[in-house]
**Q** 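A single structure is presented below for examination.
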There are 2 protein chains.
Amino acid sequence: MTPTPDLLFRTLADPTRRAIFERLCREGEQTVGALTARSGVSQPAVSKHLGALKQAGLVRDRHEGRQTHYSAQPGALNPLIDWTGQMAGFWQKRLDALDDLLKRMDQ
Amino acid sequence: MTPTPDLLFRTLADPTRRAIFERLCREGEQTVGALTARSGVSQPAVSKHLGALKQAGLVRDRHEGRQTHYSAQPGALNPLIDWTGQMAGFWQKRLDALDDLLKRMDQ
DNA sequence: TCTATCCATAACCTCCCGGTTATGGATTTT
DNA sequence: AAAATCCATAACCGGGAGGTTATGGATAGA
C-alpha cells in the first residue's frame, strides 16, 4: 500500500506554500532569500513553509556557507498520483458493473 | 489552462471530509444518514463536509423525499491530476536540459 | 392529524495555522 | 576585528475551520 497522502494534502493546501513548491519545480534550486523576494510574505514565514514542505518530503535542503538552497523532491508526489488513480479506479469499477448489469438486462 | 486546484486541495486536506469522499467513490451513492453512521462525527458536521465537497464540485446531491443522496463526481479530480502532471513535467524538463548539457560537455 | 425521522442551518466554542516582529548564530565582507 | 548578510527559531497574535448542541422545515409513518 502507498503511504497515506494526508500530510501531502495538508501541506499543499496552503496557496503560499504551494506557490513556493511550484517555483521550485519550475525553476529548480533556490535560496531562501530568492524565494522570499517574490513570495509576498516575510522571510520567517518562508522558512516555516520550507520546513513544512521538507517534513512532507516535498523538498530537499542543501547548506552552502550561510545560505540554504532548496529544491523540489519529485517522487514525493507519487502518493497523490496513486490516490487520485485509486479514486478514478473505484469509479470506473462501479461504472463497469453498471454496464454489465445493463447488458444482462438487455438480452 | 486548467482551473486552479486551490479549492480542491483545501477541500481534500481534511481527513474526515476526504474519508467521506473516498467512501462515495468506493461504494457509490449514499444518504447523509448512512454517511454519518460510520463517520465518527455528528450529522451536522457531515452535512457541512458534504456542503464543502459539493462546492468544490466533488459530489452531487439528489433529493428524494426527506433524504438526500450524495454521489462522487469523478471528473472533478482532473485539475488535481493535471497539476501533478505539470509539476512532474517541469522536473522532467529540467532533467532533460541537464542531460543535454552533460552530453555536450562530454563530446 | 399527530408523531417520528431526515437533513440543513444557526449559534457558539476551541484550537490550530499562517502571519508578524524580535533575536541570535553562522558566515562573509570590509 | 567589526559590520553586514543569511537564515532559523522563539514568542506572540488574529482569524478561520471543524467540532458541538439546538432548532426547524419537510416528508413519511401511525
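Just so it is clear, the values below take in all heavy atoms, side chains as well, and ignore hydrogens, waters and symmetry mates. Chain naming here is simple, since letters A, B, ... match the order of the sequence lines and numbering starts at 1 in each.
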**Q** Using nucleotides 8-12 of chain C, report all nitrogen or oxygen pairs with the protein that are shorter than 3.5 Å.
**A**
| from | atom 1 | to | atom 2 | distance (Å) |
| --- | --- | --- | --- | --- |
| C:dA8 | OP1 | B:Y70 | OH | 2.8 |
| C:dA8 | OP2 | B:S47 | OG | 2.4 |
| C:dA8 | N7 | B:Q43 | NE2 | 2.8 |
| C:dA8 | N6 | B:Q43 | OE1 | 3.3 |

**Q** OP1, OP2 of D:dC6 versus side-chain N and O of A:T31: anything below 4.0 Å?
**A** no
**Q** Give the rounded distance in Å between these two atoms: CD of B:Q30 and C1' of C:dC7.
**A** 16 Å
**Q** How many whole angstroms separate atom NE2 of A:H49 from atom C1' of D:dC7?
**A** 16 Å
**Q** Rounding to an integer number of Å, can you tell me how far B:L12 CG sits from D:dA17 P?
**A** 15 Å
**Q** Are any of the side-chain heavy atoms of B:L53 and B:Q55 separated by less than 4.5 Å?
**A** no
**Q** Tell me the salt bridge (charged side-chain N to carboxylate O under 4.0 Å, His left out) pairs involving residues 62-75 of chain A, sequence neighbours left out?
**A** A:E29-A:R62, A:R62-A:E64
**Q** State, yes or no, whether a side-chain contact exists between A:M87 and A:W83 at a heavy-atom distance under 4.5 Å.
**A** yes
**Q** By nearest nucleotide on DNA chain C, pick out whichever of B:H69 and A:D14 is the more 5' one.
**A** B:H69
**Q** In this structure, how many angstroms lie between the P atom of D:dC7 and the NZ atom of A:K54, rounded?
**A** 14 Å
**Q** Are B:D6 and B:R10 close enough, and set up right, to give a salt bridge (charged side-chain N to carboxylate O under 4.0 Å, His left out), and what steps lead you there?
**A** CA-CA 6 Å; B:D6 191 283; B:R10 267 192 298 128; 3.1 Å; yes
**Q** Can you establish whether the number of heavy atoms outside A:R23 located under 6.0 Å from its atom CZ is more than 12?
**A** yes
**Q** In whole Å, what is the span from the CD atom of A:Q67 to the C1' atom of D:dA4?
**A** 14 Å
**Q** To the nearest 0.5 Å, how far apart are CD1 in B:I20 and CG in B:L35?
**A** 6.0 Å
**Q** Show the numbers, then the answer: is there a side chain to side chain contact (heavy atoms under 4.5 Å, CB included) between B:V59 and B:Q73?
**A** CA-CA 5 Å; B:V59 301; B:Q73 193 77 348; 5.6 Å; no
**Q** Report yes if some heavy atom in the side chain of A:T11 is under 4.5 Å from a heavy atom in the side chain of A:F21; otherwise report no.
**A** no
**Q** For D:dT20, take OP1 and OP2 only and decide whether either is under 4.0 Å from a side-chain N or O of B:S42.
**A** yes
**Q** So, do B:L7 and B:L58 sit near enough that their side-chain heavy atoms are less than 4.5 Å apart?
**A** no
**Q** Whole Å only: how far is the CZ atom of B:F9 from the P atom of C:dG18?
**A** 14 Å
**Q** Base, sugar-phosphate or nothing for B:T16? Non-hydrogen atoms, less than 4.0 Å.
**A** sugar-phosphate
**Q** Distances for protein N/O vs nucleotides 28-30 of chain D N/O pairs under 3.5 angstrom?
**A**
none

